[in-house]
S.K.: 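Dropping a structure here in structure tokens format, bear with me for questions.
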Amino acid sequence: MEILIIEPEKVPYTKTINGTLKEMQNIVGGTIQVLYPFPEEIALVCNDEGKLTGLPANRGLFDESGELYDIICGTFFICGAPVDSDNFTSLTQEQSEQFQKRFNSPEMFVRMGNKLLCLPMKG
């Protein structure tokens with residue numbers, strides 16, 4: 001299965017995995033949580049306890065109006081998640097390119113008053 005791995009402070013990269021639970025847990029560093037924050041049939045798989053255990057802030061998630069609503073902490077990956085299947089699938093080449101572009105810039109988070117800002121990190 002072809003996935004896109006996004007680590008804190010790094011650019012995304014693709015990797016071929018066999019898709020076992022153990023392998024997915026190894027990638028995220030613990031128990032997995034699956035989110036579906038995109039309109040496409042895509043899953044974002046992250047560490048279920050990333051925020052609680054103090055994993056580094058990685059990338060922000062934004063609503064339709066561009067407002068930051070969540071921060072993914074620790075390494076996560078993106079894979080296909082067809083509605084008609086109980087299994088994850090490989091990303092298509094188009095999906096991989098789309099999400100590489102979406103997550104290409106590592107991000108940092110700054111609190112300004114009562115607002116949390118997400119800023120791209122400069123290399």
Side-chain angles (χ1 to χ4, degrees):
M1 176 170 72
E2 288 285 322
I3 63 171
L4 185 67
I5 297 178
I6 298 96
E7 297 181 58
E9 300 185 20
K10 295 185 180 178
V11 296
Y13 60 93
T14 57
K15 183 173 183 176
T16 301
I17 64 169
N18 60 28
T20 65
L21 178 60
K22 182 172 178 60
E23 186 175 30
M24 290 186 279
Q25 289 174 329
N26 285 339
I27 292 168
V28 302
T31 56
I32 64 170
Q33 176 182 23
V34 182
L35 305 173
Y36 302 95
F38 311 112
E40 299 87 356
E41 294 182 4
I42 298 290
L44 185 157
V45 182
C46 60
N47 186 311
D48 187 39
E49 298 178 330
K51 290 178 187 161
L52 296 173
T53 59
L55 292 179
N58 188 344
R59 300 296 200 281
L61 295 178
F62 300 86
D63 63 21
E64 297 82 26
S65 64
E67 289 293 315
L68 178 68
Y69 71 87
D70 200 2
I71 298 171
I72 305 298
C73 293
T75 298
F76 66 93
F77 68 90
I78 304 287
C79 61
V83 173
D84 58 353
S85 175
D86 291 335
N87 297 312
F88 296 134
T89 61
S90 289
L91 293 172
T92 65
Q93 183 68 30
E94 182 180 271
Q95 290 169 330
S96 183
E97 289 171 4
Q98 173 188 351
F99 286 94
Q100 269 188 318
K101 186 180 282 187
R102 159 65 179 87
F103 291 112
N104 193 52
S105 271
E107 297 170 341
M108 65 179 168
F109 303 90
V110 179
R111 183 167 296 285
M112 300 273 304
N114 64 349
K115 188 166 177 112
L116 191 60
L117 302 177
C118 176
L119 304 170
M121 296 177 97
K122 300 294 180 196

S.K.: Hey, quick one: are Phe76 and Phe38 part of the same hydrophobic cluster, counting side-chain heavy atoms closer than 4.5 Å, chains of contacts allowed?
M.R.: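 Per the 4.5 Å side-chain linkage, Phe76 and Phe38 are co-clustered.
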S.K.: Ignoring hydrogens, what is the shortest heavy-atom contact between Arg102 and Leu61? Give both atom names and the distance.
M.R.: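 That would be NH2-CA, 4.2 Å.
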S.K.: May I have the list of side-chain donor-acceptor pairs in residues 46-57 shorter than 3.5 Å, sequence neighbours left out?
M.R.:
residue	atom	partner	partner atom	Å
Asn47	OD1	Glu49	N	2.7
Asn47	OD1	Gly50	N	3.2
Asn47	ND2	Val28	O	3.2
Asn47	ND2	Gly29	O	3.0
Lys51	NZ	Asp70	OD1	2.4
Lys51	NZ	Ile71	O	3.3
Thr53	OG1	Glu49	O	2.9

S.K.: Report whether Phe62 and Leu35 are members of the same hydrophobic cluster (ILVMFWY, side-chain heavy atoms less than 4.5 Å apart, transitive linking).
M.R.: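 In one cluster: no.
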S.K.: Minimum heavy-atom separation for Phe109 to Gly60, with atom names?
M.R.: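 Heavy-atom minimum between the residues: CZ-N, 3.5 Å.
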S.K.: List the residues meeting side chain to side chain contact (heavy atoms under 4.5 Å, CB included) with Glu97, not counting sequence neighbours, and say none if there are none.
M.R.: Gln93
S.K.: How would you list, by chain and number, every residue that makes a side chain to side chain contact (heavy atoms under 4.5 Å, CB included) with Pro106, sequence neighbours excluded?
M.R.: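 With sequence neighbours excluded, Pro106 shows a side chain to side chain contact (heavy atoms under 4.5 Å, CB included) to Arg59, Met121, given in chain and number order.
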S.K.: Considering residues at least two apart in sequence or located in another chain, which fulfil the side chain to side chain contact (heavy atoms under 4.5 Å, CB included) criterion with Ser90?
M.R.: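 So Ser90 forms a side chain to side chain contact (heavy atoms under 4.5 Å, CB included) with Met1, Glu2.
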S.K.: Once salt bridge (charged side-chain N to carboxylate O under 4.0 Å, His left out) is applied, what residue pairs with a partner in residues 23-45 remain, sequence neighbours excluded?
M.R.: none
S.K.: Only counting residues at least two apart or in another chain, list the ones meeting side chain to side chain contact (heavy atoms under 4.5 Å, CB included) with Glu67.
M.R.: Asp63, Ser65, Lys115
S.K.: If I take atom CD from residue Gln98 and atom CZ from residue Phe103, how far apart are they, to the nearest 0.5 angstrom?
M.R.: 10.0 Å
S.K.: Would Ile27 end up clustered with Val45 when hydrophobic side chains under 4.5 Å apart are linked, directly or stepwise?
M.R.: yes
S.K.: Ignoring hydrogens, what is the shortest heavy-atom contact between Ser96 and Thr14? Give both atom names and the distance.
M.R.: OG-CG2, 3.3 Å
S.K.: Just wondering, do Phe88 and Ile3 contact through their side chains at under 4.5 Å, heavy atoms?
M.R.: no
S.K.: Below 4.5 Å, heavy atoms only, C-beta onward: do Pro8 and Thr75 meet side chain to side chain?
M.R.: yes
S.K.: Taking Ile72 as the starting point, is it possible to reach Leu117 by hopping between hydrophobic residues whose side chains are less than 4.5 Å apart?
M.R.: no
S.K.: Same cluster or not: Ile42 versus Leu4, using hydrophobic residues (I, L, V, M, F, W, Y) connected whenever any side-chain heavy atoms lie under 4.5 Å apart?
M.R.: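 Linked within one cluster.
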S.K.: CG of Asn58 to CE of Met108: how many Å apart, nearest 0.5 Å?
M.R.: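 Asn58 CG to Met108 CE: 14.5 Å, rounded to 0.5 Å.
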S.K.: Please find the pair of heavy atoms, one from Cys79 and one from Thr89, that lie closest to each other, and give the distance.
M.R.: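 Heavy atoms of Cys79 and Thr89 come nearest at CB-O, 3.6 Å.
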